[in-house]
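Residue numbers begin at 1 in each chain, while the letters A, B, ... track the order of the sequences.
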Amino acid sequence: MARRIVLRSEEDPDRPQPEDLTIDYAADLNEQQYAAATAGDGPLLIVAGAGTGKTRTLIYRLAYLVETGTRPGQIVLLTFTRRAAHDMTARATQLLDGRCEKVQGGTFHAFCLQVLRRHAPALNLPRNFTVLDAADAADVLSVLRARGDYTRGEERFPQKRTLYNMFSAATNRDEALHEVLARRYPQFKSHYNALKQLQSAYRRYKQTHGLLDFDDLLERTLELFEADDDIRQQVAGRCKHVLVDEYQDTNALQAALVKQFASVHGNVTVVGDDAQSIYRFRGADFRNIFRFPDEYPNAEVLKLEKNYRSTQPILNLANHVIEQADRSYDKELFTDQAEGDLPALVPAADGEMEARFVAQMVLRLRESGVPLRDLAVLFRSSHNAYDVEVELNRRNIPFVKYGGMKLNEAAHIKDVLAHLKVAENPQDAASWNRILQLIHGIGPKTAQDLIDWATEDADDPFVPGDGLPFSSRYVGTLKELLGTLRSIRDPDRPVAEQVETVLDYYQPLFEEEYAEDHPKRAPDLDHLAGLAANYESRQRFLESLALDPIELTALEQEEAEDDEPPLTLSTIHSAKGLEFHTVFLIRALDGTLPSRHALREDGGTDEELRLFYVACTRAEENLFISYPMTQYRRSFGEYMTDPSRFVDDIPEDVLEPVQLVEEDAPDPDDAVEAPDAPPPLPSGNDADASDTDEAAADADAPDDGLPF
DNA sequence: TCGGAGCTACTTTTT
DNA sequence: GTAGCTCCGA
């Protein structure tokens, strides 16, 4: 079956007419969605509440644009995660028999990176510049801080991570450093001059060594367009249509970029929901979405209001929640699915009991026919899930945790990657610093001397030159290092082979550095080697890891090769855009959700409220909001907690309080019952379970003999 | 100049 | 429970 290839000019008079379309848009979509998907050219704002088929609409719009003659390669789809971009193009591709595959897109960062690689020389950047992830950037700042001797004063100087956040906030919000200090870091105001110096030192350092952090990817792309109008026209010329998902989470920089991308053709479609803006800490401003009609005066504004995801009781709670926010604009979610259980509010004695509740409900739901992958446990911050992880592991329930430790954040993985980065960009002083200090006998000072030599004086940094003060303490290992780098410098060598070469060299250093726990870390190194095999070049491999970090638990899960797709554990942030049959929102405590840090800031409470709203609206059928009544902290001992202020005043006919009851003997029938009404919990043998936890757990676990 | 011992102060969310 | 700092001996 030969494929037909039709070449069309942009002004093709024969472009397909609506009657030629292969998809019946009107039948597949509701009226509002149809209007949005098939809207004409020009700026378009789609305001879409949670679960209203926003993604579906965007996919159909993608298909529609392609069907009506826009070449896929001229469409740019910008999303917040790479996963979202993949999902969408894959679904559109399926819809349109493969024609959407060539759509450009991904995250803002990834798209900008492509542009920058192509036009690096115009910014006086080497083409092989290195992308710094947040931790790399913090490391650079740490080195500069030590060098500048800024820490000498009596007053506490910001930590490296804080420094990075500070400078990043300034960039993303387009604010001056003193404004950021005044607003978010008043305690460091006295260091203003030092910080200002450090900020420019950081900027210079990145420029000299060919390094770009996440913010630079956006900022320098903008700079590129402003500096060179030909390039702007060239890039924007290829953006016939720009589609932006989650527009409420764009910041000033990203909004400016969208404007540039659309500056030639003027076709922008943005989709968003002000009530779901949850990236304020990254400079997002939910008001961006209201400004869209001002920025694009002829913009069409369409709304999606009908919810297809959740039952009415869940929407009632969501509506009730978002009403408490100061600045939500009028929008009530409604659905035809009037029937459904009330969302449940579940206090547990402590965190472990909360975890047992979740684990048992998960098993019960699974037995009643809901697959694990349709269940999710959501939480404010990563460590909130600790008890649940322990409990799930104990019961061998497979899960993937999003928002936890990433593969490339593990120190030993960073070690290996730093070698590859140096091979890729020998000017990358930050990575040099890391790999040199791994060698016993080399500390900050020696590393600095060697870096100066490698990045400035050396003809070839991988060949030991004359006159270098190689102390006998480390000269052997250092020569070995240079030899390793020489043998992987050829970028055409298969990436997996390069990783293996580095691992051979790294192994003894690894075992020494992580003397206590290297056996636990070793599997990660194998994972890394396995992963490398999927990439066609070292550069691709490195930037993919930086821009699209891999969850450690996902790798473990993959290795387990369970045939049953796992349960999802996720931060609320990482769960954005996803939906699940049943959602457990755990640790609904004041100080956790809302987070105590957010409460200190202006507008922080509302942001937390929106976060809570996002969590609730992920649920289709069941929503359990739980919290422990006591917690333990080393410094305090055991103390009473406060339930989240967001659940405090909700009427019982909207959010139903449920009491957990520990039964003496579990009723085996209970285990197979679907949770029509939130049932009492058949838990341990003993209400006072702390000592008898093991026994209780064995007795109550209805999962013995389950196939995982 | 390096690195180990021992102390402190933390711990939000992500590209 | 730990990252990150200071101090001090080698």
Side-chain angles (χ1 to χ4, degrees), chain A residues 78-85 106-113 131-139 142 145-146 151-152 156-162 164-165 168 171-172 212-218 246 249-251 253-254 277-284 378-384 386 402-404 406 408-409 411 436-449 469 471 473-474 512-513 515-517 543-549 551 570-576 587 591-601 604 607-608 610-612 614-615 632-635:
Chain A
L78 294 169
T79 55
F80 257 71
T81 61
R82 214 178 262 198
R83 196 163 55 152
T107 60
F108 276 90
H109 293 85
F111 187 68
C112 288
L113 176 60
V131 178
L132 299 174
D133 64 25
D136 296 334
D139 286 342
S142 172
R145 182 182 53 182
T151 44
R152 232 179 346 154
R156 199 164 110 252
F157 201 76
Q159 300 216 351
K160 61 180 184 178
R161 199 64 206 219
T162 313
Y164 174 72
N165 287 336
S168 178
T171 310
N172 280 299
L212 267 69
D213 65 22
F214 285 146
D215 299 330
D216 292 327
L217 293 178
L218 307 184
E246 312 280 10
D249 281 325
T250 54
N251 58 34
L253 214 45
Q254 290 164 325
S277 172
I278 55 175
Y279 280 92
R280 210 175 77 104
F281 68 93
R282 212 170 74 184
L378 304 185
F379 34 86
R380 176 64 176 87
S381 49
S382 193
H383 66 265
N384 295 153
Y386 182 71
Y402 294 96
K406 305 289 198 299
N408 50 331
E409 281 168 0
L436 288 170
Q437 293 210 45
L438 279 175
I439 297 172
H440 204 89
I442 298 183
K445 182 66 173 73
T446 311
Q448 192 51 57
D449 292 345
S471 151
R473 280 196 301 167
Y474 52 76
E512 190 190 358
E513 181 78 18
E516 316 87 46
D517 65 343
E543 58 192 39
S544 168
L545 283 173
L547 292 176
D548 191 23
E551 309 282 345
S570 175
T571 57
I572 301 172
H573 284 91
S574 298
K576 194 167 71 155
R587 291 292 197 276
T592 301
L593 178 61
S595 123
R596 61 177 59 76
H597 305 276
L599 294 176
R600 280 205 306 263
E601 268 192 78
E607 171 99 348
E608 298 290 305
R610 290 192 295 268
L611 205 48
F612 188 77
V614 168
Y632 181 81
R633 271 239 290 277
R634 185 170 282 228
S635 42

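No contact: A:His383 has no heavy atom under 4.0 Å from any strand. Within the 4.0 angstrom heavy-atom criterion, only backbone atoms of the sugar-phosphate kind lie near A:Ile442; the bases stay farther away. Using a 4.0 Å heavy-atom cutoff across all strands shown, A:Phe108 reaches no nucleic acid atom at all. Contact annotation for A:Arg280: no contact, since no heavy-atom pair falls under 4.0 Å across all strands. Residue A:Ser382 is classed as a sugar-phosphate contact, given heavy-atom separations below 4.0 Å to backbone atoms only. Among the protein residues, A:Ser142 comes within range of no part of the nucleic acid, since none of its heavy atoms lies under 4.0 Å from any strand.
Distances were taken from every side-chain heavy atom of A:Arg145 (C-beta onward) to each of C:dC5, B:dT13, B:dC2; the shortest belongs to C:dC5. With B:dT1, B:dT15, B:dT13 as the candidates, the nucleotide lying closest to the side chain of A:Lys445 is B:dT1. Set against B:dT11, B:dC2, C:dG4, the side chain of A:Lys160 has C:dG4 as its closest nucleotide. Looking at the side chain of A:Asn165, the nearest of the listed nucleotides B:dT15, B:dT14, B:dC2 is B:dT14. Looking at the side chain of A:Thr107, the nearest of the listed nucleotides B:dT14, B:dC2, B:dT15 is B:dT15. Checking B:dT14, B:dT15, B:dC2 against the side-chain heavy atoms of A:His573 singles out B:dT14 as nearest.
Listed by chain and residue number, nothing satisfies the ring pair (Phe, Tyr, Trp, His ring centres under 6.0 Å) test with A:Phe379 (two or more places apart in sequence, or in another chain). For A:Gln437, the side-chain hydrogen bond (donor to acceptor under 3.5 Å, both in side chains) criterion is met by A:Asn433, not counting sequence neighbours. Residues passing the ring pair (Phe, Tyr, Trp, His ring centres under 6.0 Å) test with A:Tyr402, sequence neighbours excluded: none. Every residue two or more places apart in sequence or in another chain was checked for a ring pair (Phe, Tyr, Trp, His ring centres under 6.0 Å) with A:Tyr164, and none qualifies. For A:Ser142, there are no side-chain hydrogen bond (donor to acceptor under 3.5 Å, both in side chains) partners, not counting sequence neighbours. By the salt bridge (charged side-chain N to carboxylate O under 4.0 Å, His left out) test, A:Asp249 is found to be paired with A:Lys576, residues two or more places apart in sequence or in another chain being considered. Partners of A:His109 according to the ring pair (Phe, Tyr, Trp, His ring centres under 6.0 Å) rule, which considers only residues two or more places apart in sequence or in another chain, are A:Phe214. Qualifying side-chain hydrogen bond (donor to acceptor under 3.5 Å, both in side chains) partners for A:Asp216, counting only residues two or more places apart in sequence or in other chains: A:Lys206. Here A:His440 pairs with A:Glu512 under the side-chain hydrogen bond (donor to acceptor under 3.5 Å, both in side chains) rule; sequence neighbours left out.
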For nucleotides 7-10 of chain C, give me every protein contact, N/O to N/O, under 3.5 Å, one pair per line with atom names.
none

Can you check nucleotides 4-10 of chain B for protein contacts, nitrogen or oxygen pairs under 3.5 Å, and list what you find?
none

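Atom CG in A:Leu217 sits about 19 Å away from atom P in B:dT14, given to the nearest Å.
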Tell me, what's DNA chain B's dot-bracket, Watson-Crick or G-U with both distances under 3.5 Å, | for other-strand, [ ] crossing?
|||||||||......

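Residue whose closest nucleotide on DNA chain B sits further toward the 5' end, between A:Ile439 and A:Asp548: A:Ile439. Taking for each of A:Phe281 and A:Gln437 the nucleotide of DNA chain B with the nearest heavy atom, the 5'-most of the two is the partner of A:Gln437.
Residues A:Phe281 and A:His573 bring their aromatic ring centres within 6.0 Å.
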